[in-house]
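Indexing begins at 1, ligand by ligand and atom by atom, following the structure's order. Numbering of residues begins at 1 and proceeds along the displayed sequence.
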Amino acid sequence: MSKIKLAVLVSGNGTNLQSIIDNVRAKKLYASVEVVISDNEEAYALERARANHIPIHIVNYKASIKREETEDGIIKVLRSFNVELVVLAGYMRLITSRLINAFYMKIMNIHPALLPSFPGVNVIKKAFDYGVKFTGCTVHFVDEGTDTGPIIIQAVVPIRDTDSEETLADRIHEKEHIIYPVAIQLYAEGRLFVQGRRVLVKDYNKLTDSFVINPFDSLGSQ
Ligand code: GRF
């Protein structure tokens, strides 16, 4: 089996990019990051790409240029690297049908809440302020809606009375760094089947199950 070729799209810190790189290095993820694409040339994620000798491409979104045309440029880059799966990792731009159709069900995103609760932005704060007892993170395929695509894998994070928004964010990010590489590996192994809204995992087993994290594990009551 050859390594699946990834493009990772980033706008910020890039801790998810880092966990993908680390999992590739640890041979838990049979993939290669062919290119890191960013709309923000200041993104710290680009330092991580440079440190790992991964090619970088900066996208210029200009108000005068249609988003579809900007995405044509991205598609060109993706094709030039023979990218098989597009991984959005903190990419702060909305994607149009141009890119979605060019890589249909080949674009994944990670979202720091348990979808369909709290789509959109600033959702860790929104969940915290709402007072829900459980939140978490979701890896999903990207469709034309905002955070509405078929869900691949989720991890649950309890909100404790003693939490601040920051401590909660830390625990969500910890889980993100576990489930995103797993979702990519399942895709790479050809084990994800989209049936309508549902994504079924072939040979779903204990190993896979252990990543659907029981919230009580992290409360220490098991
Ligand atoms: C993550 O919380 C992810 O869920 C959201 O953006 C954040 C990116 O963080 N989509 P990082 O840049 O990977 O550190």
Side-chain angles (χ1 to χ4, degrees), residues 6-25 29 31 33 35-52 54 56-59 61 74 85-95 99-100 107-130 132 134-159 163-185 187 211-213 218:
L6 309 177
V8 183
L9 274 62
V10 295
S11 300
N13 188 355
T15 60
N16 280 285
L17 167 66
Q18 189 66 54
S19 90
I20 291 166
I21 293 169
D22 293 346
N23 275 273
V24 167
R25 187 158 301 137
L29 178 52
V33 182
V35 59
V36 169
I37 299 177
S38 181
D39 62 325
N40 169 18
E41 55 189 1
E42 309 276 293
Y44 185 69
L46 298 178
E47 292 301 314
R48 301 177 192 272
R50 282 186 202 105
N52 288 279
I54 300 168
I56 287 166
H57 180 84
I58 306 292
V59 193
Y61 281 82
I74 298 177
L85 180 68
V86 179
V87 176
L88 307 185
Y91 192 58
M92 297 308 285
R93 300 279 177 170
L94 289 177
I95 304 284
L99 182 52
I100 290 163
I107 308 175
M108 281 185 192
N109 182 43
I110 187 148
H111 182 76
L114 285 179
L115 293 170
S117 288
F118 306 109
V121 294
N122 294 329
V123 298
I124 297 178
K125 178 174 171 32
K126 282 178 190 161
F128 185 81
D129 290 348
Y130 195 94
V132 292
F134 296 104
T135 183
C137 45
T138 303
V139 180
H140 63 94
F141 285 114
V142 173
D143 67 8
E144 275 151 34
T146 303
D147 304 319
T148 53
I151 291 171
I152 300 165
I153 191 167
Q154 295 185 296
V156 179
V157 175
I159 301 183
D163 265 328
S164 64
E165 208 187 303
E166 289 70 34
T167 58
L168 177 62
D170 287 347
R171 294 210 313 291
I172 291 174
H173 291 142
E174 233 173 72
K175 300 290 190 247
E176 288 186 352
H177 302 157
I178 298 170
I179 66 171
Y180 215 178
V182 170
I184 297 167
Q185 180 62 22
Y187 182 91
F211 291 106
V212 182
I213 290 140
S218 35

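- From the protein, the heavy atom lying nearest to atom 9 (O) of ligand 1 is Asn16 ND2, 3.8 Å.
- Taking every heavy atom of His173 and a limit of under 4.0 angstrom, the matching atoms of ligand 1 come to 2 (O).
- If you look at Glu176 next to ligand 1, the close heavy atoms, those under 4.0 Å, all belong to the side chain.
- Nearest non-hydrogen protein atom to atom 14 (O) of ligand 1 is Thr15 OG1, 2.5 Å.
- The shortest N or O to N or O distance between Ala89 and ligand 1 is not below 3.5 Å.
- Looking at atom 7 (C) of ligand 1, its nearest protein heavy atom turns out to be Gly90 CA, 4.1 Å.
- By the 4.5 Å heavy-atom criterion applied to side chains, Asn13 and Arg48 are counted as neighbours.
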Exercise. Decide side-chain hydrogen bond (donor to acceptor under 3.5 Å, both in side chains) for Asp39 and Ser11; before the verdict, give the C-alpha distance in whole Å, the side-chain angles of both, and the deciding distance to 0.1 Å.
Key: CA-CA 6 Å; Asp39 62 325; Ser11 300; 2.7 Å; yes
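- Between His111 and His140, the ring planes are perpendicular. Angles over 60° get that label, and only those under 30° would be called parallel.
- Within ligand 1, counting atoms from 1 as listed, the ones closer than 4.0 Å to a heavy atom of His111 are 4 (O).
- The pair Arg171-Glu174 does not count as a salt bridge, with every side-chain nitrogen at least 4.0 angstrom from each carboxylate oxygen.
- Looking only at side-chain heavy atoms (C-beta outward), Val121 and Met92 come within less than 4.5 Å of each other.
- A side chain to side chain contact (heavy atoms under 4.5 Å, CB included) with Ile184 is found for one member of Leu85, Asn23, Val24 and no other, namely Leu85.
- Looking at Asn109 next to ligand 1, no N or O pair under 3.5 Å apart turns up.
- In terms of polar-atom proximity, defined here as any N/O pair under 3.5 Å, Ile110 does make such a contact with ligand 1.
- Of all protein heavy atoms, the one lying nearest to atom 12 (O) of ligand 1 is Gly14 N, 2.7 Å.
- Ser19 meets the side-chain hydrogen bond (donor to acceptor under 3.5 Å, both in side chains) test with no other residue; sequence neighbours excluded.
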